[in-house]
2 protein chains.
Amino acid sequence: MQSRTPAPRATGRPRSAAADAAILAATREALVELGWSKLTLGDVATRAGVAKTTLYRRWAGKNELVVDAVAELFDELRLPDRGTLAADIEGVVLQFAAILARPEAKSGLMAVVAESIRDDALRERIRESIVDRQKRLVLEGRARAQARGELPPETDPLEATRTVDLIFDMVAGAVVHRTLVSAEPADEEWVRNFTQVLLTGLAGTP
Amino acid sequence: MQSRTPAPRATGRPRSAAADAAILAATREALVELGWSKLTLGDVATRAGVAKTTLYRRWAGKNELVVDAVAELFDELRLPDRGTLAADIEGVVLQFAAILARPEAKSGLMAVVAESIRDDALRERIRESIVDRQKRLVLEGRARAQARGELPPETDPLEATRTVDLIFDMVAGAVVHRTLVSAEPADEEWVRNFTQVLLTGLAGTP
DNA sequence: GTGGTTTCGCTACGGGTCGTAGCGTAATGG
DNA sequence: CCATTACGCTACGACCCGTAGCGAAACCAC
């Protein structure tokens, strides 16, 4: 999760792993207290008990630092096996919503995504450390549902990945929009309604 | 669309309406060339041909200015009547995607939404000038579909608004996620697939 | 006209953050 | 012991922020 793994030299003083953890924790703390725009690298360094120069030796800037700090939050996502596709979806969406409800996730995620629009390297970093890592949940849930007979088996493998991408955009997009734009909680009731529309469609049986 | 309508005095020199338009246009221009993070109010003022102080007399800061500059982009959204609910959805989603594909919308929208997380007044401004103004499209499309018999008529009015909010989060969220996070175009093929899932569900008849 | 009021352009300023350079010191391996 | 790298600290120029102060311009009421 470090900023760069610059071919760790066999010689010289090694980088402090504790400093890395302290910096990332301090970054999340600062995100909670100050938010993205008022977060300064000097402040993070002070909170972490390291020098500002140490911070710059490991991360290129604010963007990369916050991506790493936020990415750790999403690693706890799991796909519980609850027996049905609907229950599986509801479970993982509720977890996702719970993470997004945390202020450090809110403040950081949208900001770095916004920055990534004009920074290809940053977008790739976000994709590697956050997005693609969670797309596995969609793949796994889909495979389970197909094994249960709840979803038709995939015919064209290319169309399968396209469908997975579509579902991911729909799920993640809806939860993010609900939480960050509409600014209302994605609670159990909302997730239940969302899951039903996702599975049976707008005209689905109520 | 001005920053504030401070009870326009009957006396004194009136504010230049041309300056407002020039400032908002310059803001969009700067968003395209520089992006959100490198956009400075001094630069916008220079581009618009006004003094920096004039800009500060009308907008409280970068956030409010960009909200107004971006909001104008979404006013051209229309809901065409194409005969079926699916066609109506595809039409309006394609328009929304086209606006979001413009660099000034990309760069600005996500950034101000991110800022709004810790700024209630800013979030309310976004809601008034962007979100709620487009939610009418969902209402209108839903009413049309019910008149056609494509959707069941709403029973509980409270549940009706809840459904509208859910649909709006799903549609807007999916398109935004596709465009800004996945960074891939929401083209006709994607919109077709999205609309089908939205209408008939994941297990829907192909 | 004349006077009162508000906006405008311009300049200047203190304050804060950025990102880097330089230096001496600490920690590792050969 | 020595080479190498990381670390803490200080200092620095550069940039942007947001505001204050000024004289000039534009409008209205009289």
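A, B, ... follow the sequence lines: proteins, then strands. Residue 1 opens every chain. Fair warning: this is a prediction, and the values are worked out from it, not measured in the lab.
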Engineer: For the side chain of Arg57(A), counting heavy atoms from C-beta on, which of dG18(D), dG9(C), dC7(D) is nearest?
Structural biologist: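 Ranking dG18(D), dG9(C), dC7(D) by closest atom to the Arg57(A) side chain puts dC7(D) first.
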Engineer: Output all residues satisfying ring-ring contact (aromatic ring centres under 6.0 Å, His included) with Trp36(B), sequence neighbours left out; order by chain, then residue number.
Structural biologist: none
Engineer: Show every salt bridge (Lys or Arg N to Asp or Glu O under 4.0 Å) that has at least one partner inside residues 186-196 of chain B, sequence neighbours left out.
Structural biologist: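 Listed once each, the pairs are Arg162(A)-Glu189(B).
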Engineer: Could you pull out the protein-nucleic contacts involving nucleotides 11-15 of chain C (nitrogen or oxygen on both sides, under 3.5 Å)?
Structural biologist:
none

Engineer: Can you tell me the distance, in whole Å, between the CG atom of Leu65(B) and the C1' atom of dG18(D)?
Structural biologist: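 About 15 Å, once rounded to whole Å.
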Engineer: Rounded to whole angstrom units, what separation is found between the CH2 atom of Trp59(B) and the C1' atom of dC8(C)?
Structural biologist: 15 Å
Engineer: Could you tabulate the donor-acceptor pairs under 3.5 Å formed by side-chain atoms of residues 107-117 of chain B, not counting sequence neighbours?
Structural biologist:
| from | atom 1 | to | atom 2 | distance (Å) |
| --- | --- | --- | --- | --- |
| Ser107(B) | OG | Pro103(B) | O | 3.0 |
| Glu115(B) | OE1 | Ser37(A) | OG | 3.1 |
| Ser116(B) | OG | Val113(B) | O | 2.6 |

Engineer: Between the protein and nucleotides 26-30 of chain C, list the N/O to N/O atom pairs that are separated by less than 3.5 angstrom.
Structural biologist:
| from | atom 1 | to | atom 2 | distance (Å) |
| --- | --- | --- | --- | --- |
| dA26(C) | N3 | Arg13(A) | NH1 | 3.2 |

Engineer: Can you list everything that forms a side-chain contact (heavy atoms from CB on, under 4.5 Å) with Val197(A)? Sequence neighbours excluded, please.
Structural biologist: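 For Val197(A), the residues satisfying side-chain contact (heavy atoms from CB on, under 4.5 Å) (neighbours in sequence not counted) are Leu202(A), Leu166(B), Met170(B), Leu198(B).
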Engineer: In whole Å, I'd like the distance from the CZ atom of Arg15(B) to the C1' atom of dT5(C).
Structural biologist: 14 Å
Engineer: Report the distance from atom NZ of Lys38(A) to atom P of dC17(D), rounded to the nearest whole Å.
Structural biologist: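 So the two atoms are 15 Å apart, to the nearest Å.
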Engineer: Should the pair Phe74(B) and Phe96(B) be assigned to parallel (<30°), tilted (30 to 60°) or perpendicular (>60°) ring geometry?
Structural biologist: tilted
Engineer: How close do Gly141(A) and Leu85(A) get, heavy atom to heavy atom, and via which atoms?
Structural biologist: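 What the structure gives for the nearest pair is O-CD1, 4.2 Å.
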